[in-house]
Amino acid sequence: MSVRVQQEDFDVGREIAQLRASTRGVGAVASFVGVVRDLNDAAQIRTLTLEHYPGMTEKALERIVVEARQRWDVYDILVIHRVGVLKPSDQIVLVVVTSAHRGEAFAACEFVMDYLKTRAPFWKKEMTPDGERWVEARASDDEAAARW
Amino acid sequence: MSVRVQQEDFDVGREIAQLRASTRGVGAVASFVGVVRDLNDAAQIRTLTLEHYPGMTEKALERIVVEARQRWDVYDILVIHRVGVLKPSDQIVLVVVTSAHRGEAFAACEFVMDYLKTRAPFWKKEMTPDGERWVEARASDDEAAARW
Amino acid sequence: MVRLVYLARLRDAFGTAAESVDLPGNVGNVTALLEWLARRGEPWTHELAPGRAVRVAVNHDIAGPGTPIRSGDEIALFPPVTGG
Amino acid sequence: MVRLVYLARLRDAFGTAAESVDLPGNVGNVTALLEWLARRGEPWTHELAPGRAVRVAVNHDIAGPGTPIRSGDEIALFPPVTGG
């Protein structure tokens, strides 16, 4: 299990390879990459600044991972979330889950993303041609998390 | 949309990067890698030979991708499936889905894998210490595909 | 004349990957073809017995029991798929 | 003495990232703290008005209205999260 909050970009292929190498018996690897979009709510995005709450953020991510491991039979889970100033098409977040079978890997990966979206203290501020604005939380994210 | 059946290994990071680069507006990338396990039904696996039905296999994969694109609002889908002789921890299959939002990406990716498992003509033969055996289809795979 | 293709376990069992055969005039669909092949004796009878899981594709499309078979078709027989 | 931490939109609104304050003896839980802060006047009153979405964490754990507050605690106020 590994949780990282960092400014630096990450290499998806290398992270997947490392997580796979950490356990024998892996048959399924589900992963998710969140990416900065160039448009949000019809506004053009110049930069996206990601803020977090050092200490609490890492703890919240670790709890989400622990809960996923309790719910599904998985080998390992990696979460990397970037902070700082990003631009469109930059990678924001990576979740990788290894397991013996695909059903558990998919479910745990989607669960971690849904919980992260509603429970991990990160906030996005967008710079658009009309100025800066804090991104508002979406009801659809609460609904996605409530499914589990 | 891209479907490939090949003997060669694939580079997950590079394939994801290329699929992402093919469209603007990508906010979510869900992917799945299937891997040769070292144990199956309690037997140690020395090699796994993957056979396909050239012509029909590619067509079946393309149909699955077309159906996924009709059902979910996704940008692009890549499927790579290897054939030939593989060994434990080798990559077998890659599915990558890009979309604006994560729900569609996850659903389409899992759908493609579930349908591939039950509808794409591939067959696995395992070499174990007790000899060769054809892998039997699993009822759980039929159940997974029937959910959609 | 049709082309019969055998894949995976069925190719091993029949000892051949493909053959071209002239079908009798009354063999016009998938069920009739499987019954006709089963009458060849072993290993056909055993492998194509009712209850054995055999899938059939006609010209690369999955076929059902009533799918028609015509001269020139490529008909593949194979076990349930196990890829992915 | 408690440590108050303001994040994201609330830090911008309050013009400060953190402060240390002595709470009156009757401010013993999250609800009482938010009411006490709202009585400071603007921008506190507006940002902490009933119906505004404000989340509170006490010592890095998400807190509810009745979560107790004790001297030495780090209490963070922030809007609903938007990461991922």
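Note: hydrogens, waters and symmetry copies are ignored here, and every other heavy atom, side chains too, is used. Naming convention: chains lettered A, B, ... in sequence-line order (proteins, then strands); numbering from 1 in each chain.
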Relative to chain D, which segment of [X] carries a heavy atom at a distance below 4.5 Å: side chain, backbone, both, or neither?
X: K117(A); answer: both
X: R138(A); answer: neither
X: K125(A); answer: side chain

Contacts with chain A made by [range] (heavy-atom distance under 4.5 Å), listed by residue number:
range: residues 59-83 of chain D; value: N59(D), H60(D), D61(D), I62(D), E74(D), A76(D), F78(D), P79(D), P80(D), V81(D), T82(D), G83(D)
range: residues 1-11 of chain D; value: V5(D), L7(D), A8(D), R9(D), R11(D)
range: residues 20-32 of chain D; value: none

- [ ] Please check if atom CD in E19(D) has more than 12 non-hydrogen atoms from other residues, nucleotides or ligands closer than 6.0 Å.
- [x] yes
Task: Within 6.0 angstrom of R24(A) CZ, more than 12 heavy atoms from elsewhere - done: no
Task: Residues which pass side chain to side chain contact (heavy atoms under 4.5 Å, CB included) with Q7(A), listed by chain and number, not counting sequence neighbours - done: V83(A)
Task: Nearest atoms (heavy-atom pairs only) where H81(A) meets G84(D) - done: NE2-N, 2.9 Å
